[in-house]
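Below is one structure; the comments refer to it alone.
Computed over heavy atoms, backbone and side chain alike; hydrogens, waters and symmetry mates excluded. Being a predicted model, the structure only gives us computed values, none of them experimental.
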2 protein chains.
Amino acid sequence: MSTTDTTALPSRREQNKLATRQAIADAALAMLRSRGVGNFTVEDIAEEAGVSRRTFFNYFPSLEAALASVTEGFLDHALEQFRLRPSDEPILDSARAALMALADPMTVSPMAELFSLTHDNRALVRSELEAWDHCTTQIIDAARRRLGPDVNELYLRALAGSIISCGKAAMSVWFEQHGPDLSAESLASLRQHLIDAIGLLGSGFTAPAPQTPSAHSPQPAADPQYSA
Amino acid sequence: MSTTDTTALPSRREQNKLATRQAIADAALAMLRSRGVGNFTVEDIAEEAGVSRRTFFNYFPSLEAALASVTEGFLDHALEQFRLRPSDEPILDSARAALMALADPMTVSPMAELFSLTHDNRALVRSELEAWDHCTTQIIDAARRRLGPDVNELYLRALAGSIISCGKAAMSVWFEQHGPDLSAESLASLRQHLIDAIGLLGSGFTAPAPQTPSAHSPQPAADPQYSA
DNA sequence: GTGCAAAGTTGCACTTAGTGTAAATACGTG
DNA sequence: CACGTATTTACACTAAGTGCAACTTTGCAC
């Protein structure tokens with residue numbers, strides 16, 4: 001029965017693996033919180049997660065990867081939204097919609113915390129970049145499936161890369177302005193940044209950019225003026 | 001006398017350091033060539049460079065960083081070009097001009113070799129991403145200096161990130177099509193990719209993208225239609 | 001040139017990352 | 001419950017990365 005279930009309860013074993021993985025990721029974040037970046041080892045995380053050091057490495061290739069799993073989850077969520085969009089929708093509209101799903105308290109919360117705790121760390125930043133890059137290739141794949149295999153490859157990659165860049169830009173500007181504030185107003189601001197950034201992609205980076213974007217502007221790029 | 005010289009011969013000590021650094025980077029590339037990715041250690045590189053293991057780590061924080069120095073040099077070259085552009089030039093024109101400097105045999109050659117030798121390696125890819133990301137922040141700084149401190153931060157970061165994404169997209173598509181071919185025709189194709197990609201940024205990703213871009217199109221986006 | 005201080009290199013010792021392997025344990029199914 | 005398989009663990013090992021002190025080279029003043 002479980003195999004025919006579309007919600008696919010993934011068998012006890014799978015569940016356990018997921019739980020272990022999550023426990024490790026949680027432990028990693030807990031150590032980051034309590035000791036600060038660079039002041040704990042894989043062994044510490046493993047102990048905190050109630051698991052052997054070797055098991056840690058069965059789940060994550062490195063300490064940084066365990067922390068970057070937060071970012072991966074965050075981006076996977078957006079990716080899922082993107083894949084759910086109707087395939088005849090202009091692709092930038094889909095991108096905007098997918099990114100909007102990130103401006104949700106439950107979703108950004110871990111991401112915002114990670115941001116605030118890791119502000120500067122080479123190895124960590126590298127793993128973060130890897131997560132964003134992985135998301136880019138996923139977008140490329142999804143968009144290629146949508147637009148057909150004959151779509152211009154340069155267009156595809158430039159578009160996917162730029163979408164991700166705009167998402168990153170919006171996130172970083174937002175975080176710099178609001179820190180870990182997850183209030184409704186703060187999240188509205190994040191949404192606006194995401195809309196504005198995607199808007200730039202739609203209309204081209206031609207405007208010299210307003211001095212200050214006026215965070216209250218009523219979604220200047222929200223109308224589908226840039227249909228594909 | 002040397003201190004008054006504008007070409008600034010940077011004192012013997014600096015020269016030596018530069019030479020050592022280069023020797024290490026060269027040795028790393030040599031090892032990559034001869035043994036393939038993952039089949040040599042920092043100690044091997046140090047020996048090849050005629051230097052102690054400890055000294056290697058005085059210059060580079062990791063094996064991957066030594067290899068990524070190739071990418072850094074490549075991107076620094078473009079960055080320098082960007083900074084040399086007149087400050088009243090539309091910024092996308094500057095970006096395009098800077099990227100064009102990369103389509104030069106001497107400049108792309110090491111980059112193309114690195115591309116062909118590292119096709120797949122987590123740690124290496126991470127360091128590459130780091131180099132591109134560093135370049136992005138440099139562009140942000142340069143553009144902020146040019147556009148004034150009051151420019152919209154979101155615009156700035158989205159723009160810089162998208163420029164870099166387009167550069168990456170053009171490079172990757174080019175390399176996939178031409179491999180390590182550095183002939184005049186191949187480089188012309190790279191230039192066209194770079195122009196096309198920046199063109200997308202100028203006009204917005206609104207076109208559904210031509211099925212095939214027709215690599216002979218006479219620089220469709222070369223005219224400064226997108227002046228800031 | 002001689003001597004001296006600062007910069008750079010090296011060897012050594014040490015902690016931690018990451019991986020292979022085989023034994024032990026937990027799980028799912030009949 | 002018992003059996004086969006998936007997962008965890010212990011152990012051993014190589015290599016990364018770092019702190020430190022000794023040593024060598026360089027730049028500079030005399």
Roughly, in whole Å, what's the span from [atom1] in [X] to [atom2] in [N]?
X	N	atom1	atom2	answer
B:Ile24	D:dG17	CD1	P	14 Å
B:Arg122	C:dT19	CZ	C1'	15 Å
B:Glu64	D:dG17	CD	C1'	12 Å
A:Met31	C:dT16	CE	C1'	14 Å
B:Leu18	D:dT26	CG	C1'	16 Å

**Report entry** With sequence neighbours excluded, residues passing side chain to side chain donor-acceptor pair (under 3.5 Å) with B:Ser94
**Finding:**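 Partners of B:Ser94 by the side chain to side chain donor-acceptor pair (under 3.5 Å) criterion, ordered by chain and then number, come out as B:Glu89, B:Arg146.
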Query raised in the report: Backbone N or O of A:Met106 within a donor-acceptor pair of the A:Ser109 side chain at under 3.5 Å?
Result: no
Query - N/O donor-acceptor pair under 3.5 Å between B:Arg191 side chain and B:Ala103 backbone - result: yes
Report task. Identify, with sequence neighbours excluded, every residue that meets salt bridge (Lys or Arg N to Asp or Glu O under 4.0 Å) alongside B:Arg122. Result -> A:Glu130
Query - Distance-minimising heavy-atom pair for B:Phe205 and A:Leu92 - result: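 Heavy atoms of B:Phe205 and A:Leu92 come nearest at O-CD1, 4.1 Å.
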Query - Exercise: identify the closest heavy-atom pair between B:Thr118 and B:Leu114 - result: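 Smallest interatomic distance, heavy atoms only, reads OG1-O, 2.8 Å.
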Query raised in the report: NA contact type, B:Tyr59, heavy-atom cut-off 4.0 Å: base, sugar-phosphate, or nothing?
Result: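 B:Tyr59: backbone/sugar contact only, no base atoms under 4.0 Å.
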Requested in this report: Check the pair B:Phe40 / B:Leu32 against side-chain contact (heavy atoms from CB on, under 4.5 Å), numbers first and verdict last.
Outcome: CA-CA 8 Å; B:Phe40 57 98; B:Leu32 183 63; 4.1 Å; yes
Query raised in the report: Is there a residue in residues 32-58 of chain B whose heavy atoms reach under 4.0 Å of DNA chain D, and which residues are they?
Result: B:Thr41, B:Val42, B:Arg53, B:Arg54, B:Phe57
Report task. Return each pair, listed once, that meets side chain to side chain donor-acceptor pair (under 3.5 Å) where at least one residue sits in residues 48-60 of chain B; pairs must be two or more places apart or across chains. Result -> B:Ser52-B:Thr55, B:Arg54-B:Asn58
Query raised in the report: Can a side chain N or O of A:Lys17 be found less than 4.0 Å away from OP1 or OP2 on D:dT7?
Result: yes
Query raised in the report: In terms of the nearest nucleotide of DNA chain D, which residue is placed more toward the 5' end: B:Leu63 or B:Asn16?
Result: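 Nearest nucleotide further toward 5': that of B:Leu63.
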Could you write out each protein N or O paired with an N or O of nucleotides 4-6 of chain C at a distance under 3.5 Å?
| unit_1 | atom_1 | unit_2 | atom_2 | d |
| --- | --- | --- | --- | --- |
| C:dA6 | N3 | B:Arg13 | NH2 | 3.2 |

Which donor-acceptor pairs under 3.5 Å do the side chains of residues 66-82 of chain B make with protein atoms, sequence neighbours left out?
| unit_1 | atom_1 | unit_2 | atom_2 | d |
| --- | --- | --- | --- | --- |
| B:Ser69 | OG | B:Ala66 | O | 2.7 |
| B:Thr71 | OG1 | B:Glu128 | OE1 | 2.7 |
| B:Thr71 | OG1 | B:Glu128 | OE2 | 2.9 |

